[in-house]
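Heads up: the structure comes next, in structure tokens.
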Amino acid sequence: MIDTRILRDQPDRVRAAQAKRGLSDAVVDEALAADQARRRAIAEYEARRGEQKALGKQIPQAQGEEKQALLERTKALAAEVKAAEAAQVAAEEAWQAAVLAIPNLAHDDAPAGGEDDYTVLETVGTPRDFAAEGFEPRDHVELGRMLGAIDMERGAKVSGSRFYFLTGVGAQLELALVNLAMEQARNAGFTQVIAPSLVRPRAMEGTGFLGQAADDVYRIEGEDLYLVGTSEVPMAAYHSDEILDGSSLPLRYAAFSPCFRKEAGSHGKDTKGIIRVHWFDKVEMFVYTTTEDSDAEHQRLLAWEKEFLDKLELAYRVIDVAAGDLGLSATRKFDCEAWIPTQGRYRELTSTSNCTEFQTRRLDIRGRFPEGTAPISTLNGTLCAMTRTIVAILETHQNADGSVTVPQALRPHMGGLDVLKPMHA
RNA sequence: GGAGGCGUCGCCUAGUCCGGUCUAUGGCGCCCGCCUGCUAAGCGGGUUUGGGUCAACAGCCCAUCGCGGGUUCAAAUCCCGCCGCCUCCGCCA
């Protein structure tokens with residue numbers, strides 16, 4: 001939810017932000033009108049209610065006819081109060097709906113436009129030149145099969161398309177990545193978390209995933225529970241309805257959880273392998289901090305993501321995602337895209353978003369500071385999404401014989417294993 | 001899954017049976033002031049959160065006793081539903 005003070009006092013700022021995302025600004029006038037109606041309804045209700053309370057106080061002392069007269073008046077008043085309250089609630093809900101529909105204001109520095117209007121901030125490392133090395137790189141599906149690391153066929157047999165089994169060194173690789181990610185996070189002062197991946201509607205709604213992204217979310221039939229697409233959801237809701245001690249900020253969490261995505265609307269995209277799957281595991285960084293510090297924290301999250309990719313010796317670039325591709329909650333987003341040799345292009349491996357106060361307003365999270373309570377901000381960033389990271393590692397570090405060299409940093413977490421050797425031709 | 005108990009303004013707690021000065025009691029903690037070589041003690045005051053109004057973080061008003069409904073002129077208090085926690089039984093990794 002955006003800051004309603006900004007909406008009321010600087011509606012043009014909201015209009016400009018909508019335009020930057022390529023969205024209509026009609027919602028602004030709708031919200032402003034709803035705000036007017038809401039405040040009128042509140043004034044009306046409170047006036048009636050105040051009268052009712054004042055008269056109600058006189059009743060116990062009143063006697064006889066005076067009491068009868070009072071009862072008669074208050075009885076009529078009660079009906080008015082009830083009607084005014086209903087009107088107030090309706091106006092409040094209409095206003096809520098209007099405001100909730102407005103996405104977070106895009107950051108001044110975020111590029112305007114849609115999906116293709118991102119800016120490349122930097123390119124790190126050089127994609128490996130397999131032609132120069134004299135062999136054709138195998139894709140991760142073939143490497144996974146040769147290494148006995150990824151079983152796509154049985155994934156499909158058991159769970160359907162976009163599912164897989166990680167087996168042998170594949171499973172070992174994931175666990176090593178989880179440990180490496182958690183180790184880095186721990187050393188950076190994060191609190192390690194294993195988060196639930198089933199959440200109530202409140203958590204989904206509060207993080208903005210029941211809006212335009214609702215089609216991508218799995219719901220448990222008959223249970224009023226959702227499967228999360230990222231542990232950002234449980235971690236944002238973790239402190240819902242709480243007032244956090246301002247001096248404890250920033251609160252940094254590194255949460256492991258499986259992630260589930262319907263991938264609705266992506267039929268035909270990335271159908272091969274484990275680039276795009278319905279389930280994967282992820283270690284996610286999630287931070288609560290002050291709004292003033294949020295831009296700086298965003299840079300820190302990006303730096304931690306880069307540090308992790310550097311450890312895996314991957315070539316990647318960092319893009320500044322355009323406003324139209326930010327999603328509902330983010331004001332700014334940086335994606336780290338790793339070079340995938342057999343695709344000949346960069347693919348998103350990690351993503352970090354500054355959601356400022358958008359989620360905390362929805363989830364009723366505030367900070368207590370010497371000056372009083374104030375809204376705080378949330379940020380999230382991928383430390384390691386297992387499947388795509390495994391794809392990048394296998395393809396990048398493969399050798400002509402189908403073996404894969406394990407990046408140095410990962411070896412201690414792989415029991416010292418330095419090369420994954422094919423078990424099949 | 002079955003039975004029972006509980007949920008009050010940071011923490012603890014009174015109030016709930018018998019609805020109405022409850023504008024929710026008291027203690028602890030915390031904040032401000034007084035007193036005091038300093039500290040402690042003592043004394044006085046303050047201390048939920050959100051919203052409306054307003055130039056105003058001043059006043060005034062409304063809501064808030066887990067959440068949502070209902071009964072009533074009036075609900076912390078009565079009724080219904082939900083959520084959460086605890087105890088016991090059953091089941092289970």
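Reminder, nothing fancy here: chain letters follow the sequence lines and each chain counts from 1.
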For the pair [X] and [Y], find out whether any cationic side-chain nitrogen is under 4.0 Å from an anionic carboxylate oxygen.
X	Y	result
Asp139(A)	Arg145(A)	no
Lys262(A)	Asp215(A)	no
Arg138(A)	Glu395(A)	no
Glu80(A)	Arg48(A)	yes
Arg362(A)	Glu205(A)	yes

Spacing of the [atom1] atoms in [M] and [N] (rounded, Å):
N	M	atom1	result
G5(B)	U16(B)	C1'	15 Å
U23(B)	C60(B)	C1'	14 Å
C65(B)	A76(B)	C1'	5 Å
U72(B)	C67(B)	P	23 Å
G20(B)	G27(B)	C1'	28 Å
C57(B)	G52(B)	P	11 Å
U77(B)	C18(B)	C1'	10 Å
A75(B)	C17(B)	P	14 Å

Identify the nucleotide, in any strand shown, that forms a Watson-Crick or G-U wobble pair with [N], with both distances under 3.5 Å; if there is none, say none.
N	result
C11(B)	G27(B)
C67(B)	G81(B)
G20(B)	C73(B)
C34(B)	G42(B)
U87(B)	A3(B)

Report task. Return yes when atom CZ of Arg154(A) has more than 12 non-hydrogen atoms of other residues, nucleotides or ligands closer than 6.0 Å, and no otherwise. Result ->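 Counting other residues, nucleotides and ligands, CZ of Arg154(A) stays at 12 neighbours or fewer.
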
Query - Within 6.0 angstrom of Arg202(A) CZ, more than 12 heavy atoms from elsewhere - result: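 More than 12 within 6.0 Å, yes.
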
Distance in angstrom units between [X] [atom1] and [N] [atom2], rounded:
X	N	atom1	atom2	value
Leu363(A)	G50(B)	CG	P	16 Å
Asp245(A)	C31(B)	CG	P	13 Å
Asp3(A)	G51(B)	CG	P	11 Å
Glu85(A)	G51(B)	CD	P	18 Å
Gln88(A)	G51(B)	CD	P	13 Å

Requested in this report: May I ask you to say what Arg361(A) touches in the nucleic acid, namely base, sugar-phosphate or nothing, with a heavy-atom cut-off under 4.0 Å?
Outcome: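 Touches nothing.
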
Whether [X] contacts [N] is assessed here as follows: a side-chain N or O lying under 4.0 Å from the phosphate OP1 or OP2. Is that the case?
X	N	result
Arg40(A)	G52(B)	no
Arg368(A)	G10(B)	no
Arg38(A)	G52(B)	yes
Thr373(A)	G50(B)	yes
Arg39(A)	U53(B)	yes

Query - Contact letters for nucleotides 63-86 of chain B, in which S counts primed atoms plus P, OP1 and OP2 and B counts the base, heavy atoms under 4.0 Å - result: S-------S-BS--------SS--

Report task. Would you confirm whether the ring centroid of Tyr253(A) sits within less than 6.0 angstrom of the ring centroid of His239(A)? Result ->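 Aromatic pair counts; centres sit under 6.0 Å.
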
Query raised in the report: Will you find, in the side chains of Thr289(A) and Glu297(A), an N or O donor that is under 3.5 Å from an N or O acceptor?
Result: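 Checked: Thr289(A)/Glu297(A) side chains show no N/O donor-acceptor pair below 3.5 Å.
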
Report task. In sequence, state the C-alpha distance, the side-chain angles, and the governing distance for Arg73(A) and Glu51(A), and then conclude on salt bridge (Lys or Arg N to Asp or Glu O under 4.0 Å). Result -> CA-CA 11 Å; Arg73(A) 270 185 71 193; Glu51(A) 195 182 343; 3.8 Å; yes

Query raised in the report: Relative to each other, are the rings of Phe260(A) and Tyr218(A) parallel, tilted or perpendicular (30° and 60° limits)?
Result: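 Ring orientation, 0 to 90° scale: perpendicular.
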
Query raised in the report: In residues 236-244 of chain A, what residues come within less than 4.0 Å of RNA chain B, judged by heavy atoms?
Result: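 Per residue number, the list reads Ile243(A).
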
Report task. Would you kindly compare Ile42(A) and Lys57(A) by the position of their nearest RNA chain B nucleotide and give the one closer to the 5′ end? Result ->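 That would be Lys57(A).
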
